[in-house]
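Input: a single structure, listed below in structure tokens.
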Protein chains: 2
Amino acid sequence: MELLKQRIRKDGTVKGNDVLKVDSFLNHQMDVALFEEIGKEFKRLYEGCGVNKILTIEASGIGIACVTAQSFHCPVVFAKKSQSKNIDGAVYATKVQSFTHGKIYDVIVSKKFLGPEDKVLIIDDFLANGAALEGLIDLVRQAGATLVGAGIVVEKAFQPGGDRLRAQGIRVESLARVKSMSEETGVVFVDD
Amino acid sequence: MELLKQRIRKDGTVKGNDVLKVDSFLNHQMDVALFEEIGKEFKRLYEGCGVNKILTIEASGIGIACVTAQSFHCPVVFAKKSQSKNIDGAVYATKVQSFTHGKIYDVIVSKKFLGPEDKVLIIDDFLANGAALEGLIDLVRQAGATLVGAGIVVEKAFQPGGDRLRAQGIRVESLARVKSMSEETGVVFVDD
């Protein structure tokens, strides 16, 4: 998605060789006009696939998922990162190791909101090692729902998550695939 | 907002006398078509106030804030609940006690995304004791930004947060104000 890659080149900053900060428009401050274009692109990619639910994970996926859901005219469910007393006992649960924070946390979705009738598109802002995405896929499978695919905004294609999941036959569409990056050279995309 | 109150009556469930579960459409599964109507109502209420930034707090405020921001044509910033290594050192920080979880946590916003030029509308899903909202107001003041007001989806008007903040001269607009609730009688709104 050219608009997104231009924005990453303009406003993204690289720290070391593996941290890409896009917090001015994607995951701390959020440019919802850009999100609308991202949502339309996911709709174009997954048109006709029967998506009737979007699944994401708190927190930074939620805004993108909600704006994308406007194009699909379907609800969003976001997976929660720890047990809250406001969640009923009946949940699907899995464990995810965070790339950003290092720690392992529980991820849950209420059984009320995911089931065999759902055709699920998973939306997230980043894909790197694939841990969060694998956790969400596990929740979809536990629910007996159909996984249509994943829509990712930024994939670090030099990390193994995306290719490992594609090798399993899972459809993963990433709008910007980063081939390499460094503080000196900035970001290079796979299709540059 | 009549559409919202009807939805709460239909799909909300009361636990004890103080927990209102609206997780089927507001804060776990999210009905983005309803969010669009909520966003339009906040726009109607705060039309002409010069809002150029929406501030919310992770996680359940983010979806509502993003869809509302489409009506205001402005970015969203969401306050984060703990220090992440992906946040630069330069942050505004405050402490908030969670009604849902009981514990006290740090809430931060990068100084890059909130400043004296901002006219801020705070958006959140719930207002009860007002702790989260007071934390967000503190961040706005630390930034030297102008607080236009708060847009709340559901206010538990039998808890003190909303009235205490209004008594301080802060504009708080809540789309559904719950006067009382119980498992037996369901939800009674202030203007029923």
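Scope of the values below: all heavy atoms of this structure, side chains included, with no hydrogens, waters or symmetry mates. What you see is a predicted model, and the numbers here were worked out from it, not measured in a lab. Chain identifiers are assigned alphabetically (A, B, ...) following the order of the sequence lines, protein sequences preceding nucleic acid strands; residue numbering begins at 1 within each chain.
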Connected via hydrophobic side-chain network under 4.5 Å: [X] and [Y]:
| X | Y | answer |
| --- | --- | --- |
| B:L3 | B:I38 | yes |
| B:V190 | B:L127 | no |
| B:V188 | B:L175 | no |

Contact summary for [X] and [Y], nearest pair of heavy atoms:
| X | Y | value |
| --- | --- | --- |
| A:K80 | B:N27 | NZ-O, 3.4 Å |
| B:I62 | A:G63 | CG2-N, 3.7 Å |
| B:M30 | A:C66 | CE-SG, 3.6 Å |
| B:C74 | A:V32 | O-CG2, 3.8 Å |

What residue, out of [options], has the most heavy-atom pairs lying under 4.5 Å from chain A?
| options | value |
| --- | --- |
| B:L55, B:V77, B:I64, B:V67 | B:V77 |
| B:E58, B:E36, B:H73, B:Q70 | B:Q70 |
| B:D31, B:I54, B:V76, B:L114 | B:V76 |

Polar side-chain atom of A:H28 near backbone of B:F78 as donor-acceptor pair, under 3.5 Å: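 Side chain of A:H28 to backbone of B:F78, a donor-acceptor pair under 3.5 Å: yes, one is there.
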Chain B contact via A:A33 - which portion, at a heavy-atom distance below 4.5 Å: neither
Contact class of A:F35 relative to chain B, heavy atoms under 4.5 angstrom: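 For A:F35, the side chain is the part near chain B, not the backbone.
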Residue pair B:D23 / A:F113, side-chain heavy-atom distance below 4.5 Å: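 Yes, at least one pair of side-chain atoms sits under 4.5 Å.
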Between A:Q29 and B:K112, a side-chain donor and acceptor under 3.5 Å: no
Exceeds 12 heavy-atom contacts within 6.0 angstrom, atom NZ of A:K43: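 More than 12 within 6.0 Å, yes.
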